[in-house]
Amino acid sequence: MKVTLRKKKISGGRQTLYLGYYPPIPNPATGKKTRREFLKLYVYDKSNSATQREHNKETLLLAENVRAQRQIKTQAGNFSFMLESKKKQDFVKYYEVLCEKRNSSKGNHDNWLSSFNHFTAFTKSNCLMEDVNEALCNGFREYLLTKNSIKNTLNPKRLSQNAAHSYFNKFRAAVGQAFQDKLIDENPCLRVKGIKQTETDRAFLTLEELNKLAKTPCEIPYLKKAALFSAITGLRWIDIKLLTWDKLENSKSGGYTLHFRQKKTGGLEILNISDQAAHLLGNPGKDNEPVFGNMEYSSWMLMKLKEWLNAAGI
């Protein structure tokens with residue numbers, strides 16, 4: 001293994017210094033091999049003053065010192081110095097990329113994006129990989145628990161405990177992924193206490209209220225049908241969305257049953273449903289066709305749901 005100090009001309013009458021490796025050395029994080037390592041040092045091509053000559057002398061001395069250290073390490077098969085540049089990578093940008101990878105699921109993506117926005121507000125968009133430590137994690141946790149949410153005229157309230165829980169978990173996942181990608185040496189979140197989730201108060205519709213809703217027109221017919229079916233059967237929204245006609249069975253002895261796999265738990269479920277719930281669905285379609293059409297979770301859909309409830313006096 002041979003390490004040589006080399007120069008390359010750049011603008012301003014200068015030369016940048018880099019190390020040449022023969023044969024190429026592997027990067028421990030990616031496994032890819034490289035022949036060059038730029039030192040981010042430069043010398044003047046023509047030293048026209050005492051100051052420039054002194055700069056060249058000191059810089060070359062420093063570069064030679066680095067070259068000698070690299071020579072010793074590469075001969076010992078130690079290429080850990082290649083990871084040092086990783087610590088200067090932008091964690092904020094990395095976090096943003098992780099958010100975008102979640103755009104296949106709107107609900108999950110929105111949670112990641114909210115967590116990211118709070119983190120950028122906390123760090124003022126300035127955080128390198130080397131800054132991701134226990135103090136930073138504890139600081140962000142405290143920020144979520146005590147600070148008001150990002151300025152929003154529609155929602156100026158303090159973050160709820162459960163929102164802070166969700167956003168901090170997304171941050172922990174981002175830090176954990178950076179550790180898996182070997183961009184940080186350890187996962188400091190393992191030593192940081194999480195944010196507990198609180199039990200939420202759930203409101204239940206009475207039979208009288210359900211009857212009111214059944215008699216009240218809704219601007220989106222399949223939303224009304226899905227909401228009533230969920231209220232009668234107790235199925236979650238995601239299971240309602242994924243329900244297809246082949247999951248519904250009817251027998252003279254057993255009546256109507258649903259055979260489906262819960263999205264949240266992954267467990268296979270067989271649910272007996274009433275004739276009322278089955279008749280609410282109407283005429284069956286093709287086996288793999290969604291029972292409730294192409295339902296998507298959105299703020300617009302929630303608004304229409306609230307309008308329907310208000311129209312029913314609930």
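Residue numbers start at 1 and run along the sequence shown.
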Smallest separation among heavy atoms of [X] and [Y], with atom names:
X: Val192; Y: Arg172; answer: O-NH1, 3.1 Å
X: Val3; Y: Gln71; answer: N-OE1, 3.0 Å
X: Leu17; Y: Lys7; answer: CD2-CG, 3.5 Å
X: Trp308; Y: Leu228; answer: CH2-CG, 4.1 Å

Check whether [X] and [Y] end up in the same hydrophobic cluster, where Ile, Leu, Val, Met, Phe, Trp and Tyr are linked by side-chain heavy atoms less than 4.5 Å apart.
X: Leu309; Y: Met303; value: yes
X: Leu305; Y: Met301; value: yes
X: Leu39; Y: Leu62; value: yes
X: Leu302; Y: Leu223; value: yes

Check: [Y] and [X] side chains under 4.5 Å, non-hydrogen atoms:
X: Leu60; Y: Lys57; value: no
X: Phe119; Y: Cys127; value: yes
X: Gln276; Y: Ile232; value: yes
X: Pro290; Y: Lys241; value: no
X: Phe292; Y: Leu243; value: yes
X: Leu41; Y: Thr16; value: no
X: Arg14; Y: Asp45; value: no
X: His165; Y: Thr198; value: no

Exercise. Not counting sequence neighbours, which residues clear side-chain contact (heavy atoms from CB on, under 4.5 Å) with Leu248? List them please.
Key: Trp245, Tyr256, Leu258, Ile273, Leu281
For the side chain of [X] and the backbone of [Y], is there at least one donor-acceptor N/O pair under 3.5 Å apart?
X: Asn78; Y: Thr74; result: no
X: Gln52; Y: Asn48; result: yes
X: Thr34; Y: Arg36; result: yes
X: Tyr94; Y: Gln89; result: no
X: Gln161; Y: Lys196; result: yes
X: Thr233; Y: Phe229; result: yes
X: Ser166; Y: Asn162; result: no
X: Asn211; Y: Leu207; result: yes
X: Glu209; Y: Thr206; result: yes
X: Thr257; Y: Asn272; result: no

I need the [X] [atom1] to [Y] [atom2] distance, nearest 0.5 Å.
X: Met129; Y: Leu183; atom1: CE; atom2: CG; value: 4.5 Å
X: Tyr22; Y: Thr4; atom1: OH; atom2: OG1; value: 12.0 Å
X: Ile25; Y: Lys73; atom1: CD1; atom2: NZ; value: 11.0 Å
X: Asn288; Y: Lys247; atom1: CG; atom2: NZ; value: 9.0 Å
X: Thr59; Y: Tyr42; atom1: OG1; atom2: OH; value: 7.5 Å
X: Ser115; Y: Leu144; atom1: OG; atom2: CG; value: 7.0 Å

Quiz item: After noting the C-alpha distance and the side-chain angles of Gln177 and Asp181, does the key distance pass the side chain to side chain donor-acceptor pair (under 3.5 Å) rule?
Solution: CA-CA 6 Å; Gln177 189 60 54; Asp181 291 341; 3.2 Å; yes
Quiz item: Below 4.0 angstrom, N of the basic side chain to O of the carboxylate: do Arg191 and Glu186 qualify?
Solution: yes
Exercise. For the pair Phe116 and Tyr95, name the ring-plane relationship: parallel under 30°, tilted 30 to 60°, perpendicular over 60°.
Key: perpendicular
Exercise. Could you pull out all residues at least two apart from Tyr21 that satisfy ring pair (Phe, Tyr, Trp, His ring centres under 6.0 Å)?
Key: none
Exercise. List the steps, then state whether side chain to side chain contact (heavy atoms under 4.5 Å, CB included) holds for Leu136 with Thr123.
Key: CA-CA 9 Å; Leu136 177 86; Thr123 60; 4.2 Å; yes
Exercise. Identify which one of Phe122, Phe171, Tyr167 satisfies the ring pair (Phe, Tyr, Trp, His ring centres under 6.0 Å) criterion when paired with Tyr143.
Key: Phe122
Exercise. Please assess Phe91 against Leu128 for the test side chain to side chain contact (heavy atoms under 4.5 Å, CB included), listing each intermediate value before the final yes or no.
Key: CA-CA 5 Å; Phe91 178 75; Leu128 301 178; over 6 Å; no
Exercise. Apply side chain to side chain donor-acceptor pair (under 3.5 Å) to the pair Asp246 and Thr244, showing each step before the final yes or no.
Key: CA-CA 6 Å; Asp246 58 331; Thr244 52; 2.5 Å; yes
